[in-house]
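Let me begin by presenting the structure, written as structure tokens, before commenting on it.
Heavy-atom basis, side chains included; hydrogens, waters and symmetry copies ignored.
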Amino acid sequence: RGRLVTAIGKAGDDTQVDFLLEQALRSPDDPVIAAAGEALGNFAHIELPKLREVVKRLISRYGEWVMKATQPDPTDPNGPIDLEPQNARRTLAAVRDKWNTTLGKLTGQAFSDAPDWQRWLNKTKDWMPPGRKN
């Protein structure tokens with residue numbers, strides 16, 4: 001399924017952006033999440049409001065995984081088992097490089113972690129993608 005999602009992105013059909021974004025944000029499969037994020041890197045040409053929304057939502061989701069992944073694992077042997085930090089670390093390992101590359105293609109910036117992307121987005125609300133003018 002990940003290869004299929006990547007192929008959809010390479011086809012460059014702008015009508016598939018919503019589908020790819022949905023897969024990137026909500027798929028239960030890490031390879032599909034990573035592939036959908038990577039595929040979105042092929043759409044730097046879409047209309048500016050839509051592009052800004054895609055970037056904003058990718059950065060937000062990326063930040064959620066980082067936040068969950070940095071939570072310590074539970075240490076109480078009698079407490080409930082919380083697999084969220086472990087799952088978030090696994091997802092981050094699968095998506096980090098591909099999503100950083102995609103965000104770089106879409107924004108013209110180069111960061112390697114979600115907090116840096118979020119900080120940039122907060123400071124630069126009216127950013128322009130590379131090669132575009134107002």
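- Interatomic distance, CG of Asp97 versus CG of Leu92, reported as 11.0 Å (0.5 Å rounding).
- Here CG of Leu121 is found 4.5 Å from CD1 of Ile59. Values are rounded to the nearest 0.5 Å.
- For the residue pair Ala69 and Ala88, the shortest heavy atom distance occurs at N-CB, 3.6 Å.
- Not a single side chain to side chain donor-acceptor pair (under 3.5 Å) links Lys105 to another residue, sequence neighbours left out.
- Leu4 and Val95 fall within the same hydrophobic cluster, where Ile, Leu, Val, Met, Phe, Trp and Tyr residues are linked whenever their side-chain heavy atoms come under 4.5 Å apart, directly or through other members.
- For residues 1-24, no residue pair satisfies the ring pair (Phe, Tyr, Trp, His ring centres under 6.0 Å) rule, not counting sequence neighbours.
- Classification of the Trp117-Trp120 ring pair by plane angle, with boundaries at 30° and 60°, yields perpendicular.
- Applying the side-chain contact (heavy atoms from CB on, under 4.5 Å) criterion to Ser27, with sequence neighbours excluded, gives Arg1, Gln23, Asp29, Val32, Ile33.
- With sequence neighbours excluded, the residues forming a side-chain contact (heavy atoms from CB on, under 4.5 Å) with Ser60 are Glu64, listed by chain and number.
- Residues passing the side-chain contact (heavy atoms from CB on, under 4.5 Å) test with Pro85, sequence neighbours excluded: Gln71, Asp73, Asp82, Arg89.
- For the residue pair Pro129 and Leu106, the shortest heavy atom distance occurs at CB-O, 3.4 Å.
- Partners of Arg57 under the salt bridge (Lys or Arg N to Asp or Glu O under 4.0 Å) rule, at least two apart in sequence or in another chain, do not exist in this structure.
- The heavy-atom pair separating His45 from Asn42 by the smallest distance is CE1-O, 3.5 Å.
- Sorted by first and then second residue, the pairs that involve residues 56-98 and meet ring pair (Phe, Tyr, Trp, His ring centres under 6.0 Å), not counting sequence neighbours, are Trp65-Trp99.
- The side-chain heavy atoms of Val5 and Glu38, taken from C-beta on, include no pair separated by under 4.5 Å.
- Checked against salt bridge (Lys or Arg N to Asp or Glu O under 4.0 Å), Asp30 has the following partners two or more places apart in sequence or in another chain: Arg90.
- The salt bridge (Lys or Arg N to Asp or Glu O under 4.0 Å) pairs that include a residue from residues 12-25 are Asp18-Lys50, Glu22-Arg26, where partners are two or more places apart or lie in different chains.
- Gln118 meets the side chain to side chain donor-acceptor pair (under 3.5 Å) test with Asn122; sequence neighbours excluded.
- Under the side chain to side chain donor-acceptor pair (under 3.5 Å) criterion, Glu84 pairs with Lys68, not counting sequence neighbours.
- No continuous path of ILVMFWY side-chain contacts below 4.5 Å connects Met128 to Leu58, so the two sit in separate hydrophobic clusters.
- The two atoms that bring Ala36 and Ala24 nearest to each other are CB-N, 3.5 Å, heavy atoms only.
- Nearest heavy atom pair, residue Gly108 against residue Pro130, reads N-CD, 3.6 Å.
- Using modelled atom types, one side-chain atom of Arg52 and one backbone atom of Trp127 make a donor-acceptor pair closer than 3.5 Å.
- To the nearest 0.5 Å, the span separating CG on Leu20 from CG on Leu25 amounts to 10.5 Å.
- In this structure, CG in Leu21 is found 12.5 Å from CD in Gln16, a value given to the nearest 0.5 Å.
- Considering all non-hydrogen atoms of both residues, Asp113 and Val66 come closest at OD1-CG2, 3.8 Å.
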